[in-house]
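Note that the structure is a prediction, hence the values are computed from the model and not measured.
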Amino acid sequence: MKFKGANKSLDTLNFFIKTNKPCTSVCLKEPDPDSCMEVEYSNVDNQDPGKPNLPAILSSDKTMSLLKPDPKSCMELECLVDNMEEEPERKNLLVLPSFEKELNASSCDGTKYLNTYVGDKEKLNEFTVLCVPDKTDVESPDIYESVNNLQSVSPMFKNDPVLFMNKSITPGLKLIQLEMGPCQPVATDLPNGKFPKDESNPPRSFSTSYYTKLVNGKSEHRSWITYSPSMNRIYCWTCKLFGSIRAQKNSFVTTGCNSWGHLGGLYGRIHLHETCKDHLEAELNKIMYINNNRVDIQLMNSNNKHVAMNRAVVHVLMDIVLCLSKHNDAFRGHTECLTNGTSGKFLDWVNVFAKHHTILATHLENIKSSTKKQRLTFLSKSSQNSMLNCIDESIRETILKEVKAAGMYSLILDSTTDVSKLDQFAFVLRYCTNDGLIKERLICVDETVDSTGNGMYELFCKVCDKYNLNWRHDLIGQAYDGASNMQGAVKGLRSLIQNENKSALHVWCSAHCLNLAVVDCCEATECAQDFFGAISSLVTFLGARKRTATYVEFQKQLYKNQRIRRLKSFSATRWTYHDRSLEVIQITYKSIILTLKKISLEETDKKNRHLANSFLKQLNSFKFVLTMHMMRNIFSITTPLSNYLQNPAIDFIQAIHLIKVTRQQIQDLRAMKTESVYENLFTETKLFCEAQDLEEHDLAEVRTSRKKKMSGEISSDERITSANYRYVCEVYRCSLDVILSKLDDRFSGSENIFKEFSLLLPERLELNKVSPNKFDYLVNCATTNDIKMQCKHSKHTINTNDLSDQYDTDSDDSEETIHVTAIYSALCKMGMVSAFPNLFMAYKGICTLPPTSATAERCFSKLKLIKTKLRSTIGEKRLDNLMLISCNPDRSIEVSIEDAINKFASTSSVLQKALMYC
């Protein structure tokens with residue numbers, strides 16, 4: 001087939017007609033409708049007058065694109081394999097040169113043909129791509145031989161190299177080519193059953209013997225040769241996929257080779273190509289790629305392996321940091337060195353874990369064997385602080401997420417002076433979760449310089465702004481101790497907060513109020529003051545080293561198989577310490593007397609001997625023992641209440657109810673008849689004196705003076721003649737009167753809040769005998785078991801069985817008492833929030849209101865364990881991190897070590913390179 005006026009561009013056209021490939025649209029524009037285009041196809045060599053020439057149907061919907069080529073080069077088009085199957089109607093594509101001639105179409109037997117009048121080559125400025133349908137009746141032998149060959153052969157060989165010749169080799173396409181392999185068909189795979197022959201003399205064709213070669217007498221397969229059935233050429237498959245830029249320009253890659261007479265032999269084109277440098281480099285690249293040993297992959301794998309080892313080391317170190325923080329242990333020692341025996345607990349635990357962790361052991365060995373100081377060891381104090389900060393952020397983010405999800409919360413705030421004489425500020429929030437649990441969480445610990453109400457308010461606003469807490473809308477309660485800077489009516493913190501948020505109810509800590517009432521009771525009478533004064537002096541006297549040893553030795557002799565007890569001093573700010581001190585004295589009473597007797601006999605110092613004899617006289621007196629038993633009876637009522645008020649799971653209504661029950665029990669003691677007091681208290685004291693072999697077994701009778709009756713007096717002078725009755729009136733009942741009055745006075749504010757919530761008391765949900773109650777199902781399900789389960793989430797759990805026995809009432813239905821927390825938990829767990837939305841919000845608000853500020857006091861107990869005299873210079877940021885981890889140790893807050901490592905890596909570019917994967 002020849003084109004009239006053929007040139008280089010038309011030779012390219014002839015090439016694309018034979019290959020029958022679709023064309024990409026590059027630099028497209030619509031053709032000029034007035035341009036002239038006429039093509040004449042003639043069979044010059046094999047003219048068959050009976051066959052018409054090839055038609056080209058020109059229409060607007062068949063025109064695909066216009067391409068502006070480089071005037072100095074032939075047209076280059078990229079083949080698209082995907083369009084062959086997606087658009088089967090567009091198979092035969094003709095690329096025709098466009099000229100400035102008119103398009104004259106002549107008809108022959110009802111068929112239109114196009115004739116092209118070729119002008120100057122300079123007029124070749126664009127090419128029109130036309131679509132020729134398959135339904136044409138043209139039967140040009142040499143054209144259709146190539147076209148039909150491509151249409152019938154290419155679909156059979158998906159790995160035909162021509163299909164991918166002008167494609168950019170992407171990683172995905174490279175994987176597809178590797179999976180399909182080179183195209184190496186045999187003659188039987190072709191449609192005609194043989195390889196096409198060329199026009200040489202004699203005719204030659206491709207042979208499958210080129211697929212192999214002899215190496216040392218053995219046949220080796222040439223995997224680089226790929227044969228194109230559509231083009232009848234061979235290409236280098238390896239150089240195409242893995243060759244360098246220079247190898248991509250080789251003729252075996254660009255145009256292929258079909259010189260069948262010059263392929264074989266020592267100097268054949270196949271041997272010359274497979275022994276050239278570019279091909280050998282491509283073979284090496286292919287082997288490295290297949291074996292996943294590419295240089296970039298090796299570098300990436302090497303870096304990722306190093307990163308994985310570093311992350312494994314940091315994971316262990318963070319576990320150690322987390323464990324030490326939860327147990328309030330010091331990290332560093334006198335000298336921080338891996339090989340030194342005086343290193344701190346952190347390095348000691350690192351050495352212990354290295355014995356069971358291979359990667360950590362290798363990391364430590366590299367540090368020890370290095371002659372230079374390594375920049376990245378993960379063991380320095382700055383690394384410890386960064387790890388603590390990352391773990392702290394993870395815990396705080398979890399807490400703040402729960403707080404904001406709750407929608408309402410209460411504030412528990414307090415301050416104390418640490419060992420370095422700095423005022424520390426504890427910020428605690430109380431909230432209810434959506435699964436029915438009540439939580440009190442420490443948010444932060446900060447140093448405050450101004451401890452006035454305004455200073456505390458500014459610090460409070462600073463913390464809320466830092467953590468995005470909308471306290472003006474979400475804060476519903478606040479609980480403090482009795483300090484004036486906290487609950488002052490004018491300049492106190494609670495007044496300043498209520499000026500901005502009227503809904504923030506103030507609650508005076510119930511545990512503090514109870515402790516103040518107990519302290520007032522201990523100082524109610526002269527007898528009580530003398531008793532506790534004597535106890536305080538006795539504890540101080542026996543606190544000396546030799547005397548304590550004697551006291552312990554007598555305990556071992558008298559109380560075998562029992563733990564050794566220590567005398568405890570009184571403290572007005574330590575709750576229940578009065579009861580604990582008296583408990584130790586009562587249990588070890590005999591050993592104390594024997595210790596004092598030994599001191600009085602063996603002590604050479606007259607002052608100490610006199611003190612020992614004085615204490616012996618007091619401890620042997622019946623009045624001292626009677627006062628001890630009276631106070632123990634009072635403390636047996638107040639101590640369980642104080643312990644239960646410290647439980648975070650208790651709600652405000654339940655706390656006030658328990659306080660009322662406690663007051664009623666004390667009132668019952670006060671209303672007890674004298675005979676009953678004699679029968680209970682005095683009898684118990686006498687039995688104790690007999691068991692301890694004390695000298696006195698009853699109160700000493702004191703002579704009563706009689707007042708002279710004057711003339712005119714009607715009533716006679718009534719004097720108390722009985723010592724026992726005098727003690728009941730002047731000590732016993734007077735102490736009970738004081739504690740009752742103090743309870744009424746200090747809980748008056750909480751009582752007013754309790755009245756506001758009286759409509760929501762659980763008693764109003766009880767079963768009505770007249771009409772069925774709508775909350776029967778809720779009441780039956782919301783039992784005290786929910787309270788017991790909530791107590792498990794608190795560190796300071798209370799034995800609910802003991803409490804039920806202590807606060808047992810005369811009602812037969814006391815076992816079925818329902819608490820507000822149980823109702824709220826039932827509403828959450830049973831999906832009844834949407835059914836009772838207002839009831840749910842009301843009980844959620846009651847549960848959120850804090851009855852005490854005990855959680856802040858527990859935080860200060862942790863503070864004394866963390867910031868000791870040996871750690872008095874600890875930084876404020878590190879102290880905050882350690883406090884948050886130590887005060888929130890429960891498993892409900894899951895610390896993701898992997899997330900903490902990612903945060904740790906983001907603190908510097910060096911850590912990011914060492915801990916983040918590529």
Residues, nucleotides or ligands: over 12 heavy atoms within 6.0 Å of Glu695 CD: no

cation_pi(Arg663, Phe747) dist<6.0 Å, angle<=45: no

Ring centres under 6.0 angstrom apart (Phe532, His578): yes

Check: Gln664/Asp668 side-chain N/O donor and acceptor closer than 3.5 Å: yes

No-hydrogen, no-angle side-chain donor-acceptor test under 3.5 Å, Arg565 and Gln555: no

Test log, rule ring-ring contact (aromatic ring centres under 6.0 Å, His included), inputs Tyr732 and Tyr727: CA-CA 6 Å; Tyr732 179 79; Tyr727 182 87; 7.7 Å; no

Polar contact flag, side-chain donor to acceptor under 3.5 angstrom, Ser886-Lys326: no

Spatial distance of atom CG (Asn724) from atom SG (Cys729) [nearest 0.5 Å]: 11.0 Å

Phe346 six-ring centre to Arg332 NZ/CZ under 6.0 Å and within 45° of normal: no

CH2 (Trp508) with more than 12 external heavy atoms under 6.0 Å: yes

Polar side-chain atom of Gln646 near backbone of Ser642 as donor-acceptor pair, under 3.5 Å: yes

Polar side chain donor-acceptor pair, Asp481 to Ser853, under 3.5 angstrom: no

Aromatic centroids of Phe624 and Phe531 separated by under 6.0 Å: yes

Worked check of ring-ring contact (aromatic ring centres under 6.0 Å, His included) between Tyr559 and Phe554: CA-CA 8 Å; Tyr559 316 112; Phe554 278 117; over 10 Å; no

Gap between atom CD1 of Ile443 and atom SG of Cys859 - 0.5 Å precision: 10.0 Å

Evaluation steps, salt bridge (Lys or Arg N to Asp or Glu O under 4.0 Å), between Arg609 and Glu603: CA-CA 6 Å; Arg609 187 169 59 252; Glu603 183 64 47; over 6 Å; no

Gln529, CD atom: more than 12 neighbouring heavy atoms under 6.0 Å: yes

Crowding at NZ, Lys864 (>12 non-hydrogen neighbours, <6.0 Å): no

Spacing of SG belonging to Cys522 relative to CD1 belonging to Ile535, to within rounding of 0.5 Å: 11.5 Å

Reported CD1-to-NE2 distance for the pair Ile885 and His327, which is rounded to 0.5 angstrom: 12.0 Å

Pair Thr588-Tyr551, side-chain donor/acceptor within less than 3.5 Å: yes

Residues Thr855 and Arg858: side-chain donor-acceptor under 3.5 angstrom: yes

Distance-only polar pair, side chains of Thr639 and Asp579, donor-acceptor under 3.5 Å: yes

Nearest-0.5 Å distance, OG1 of residue Thr638 to CE of residue Met631: 10.5 Å

N/O donor-acceptor pair under 3.5 Å between Ser581 side chain and Lys568 backbone: yes

Distance, nearest 0.5 Å, that separates OG of Ser415 from CZ of Phe427: 14.0 Å

Short side-chain to backbone donor-acceptor contact, Asn485 and Ser451, under 3.5 Å: yes

Aromatic centroids of Phe622 and His697 separated by under 6.0 Å: no

Salt bridge flag under 4.0 Å for residues Asp329 and Arg871: no

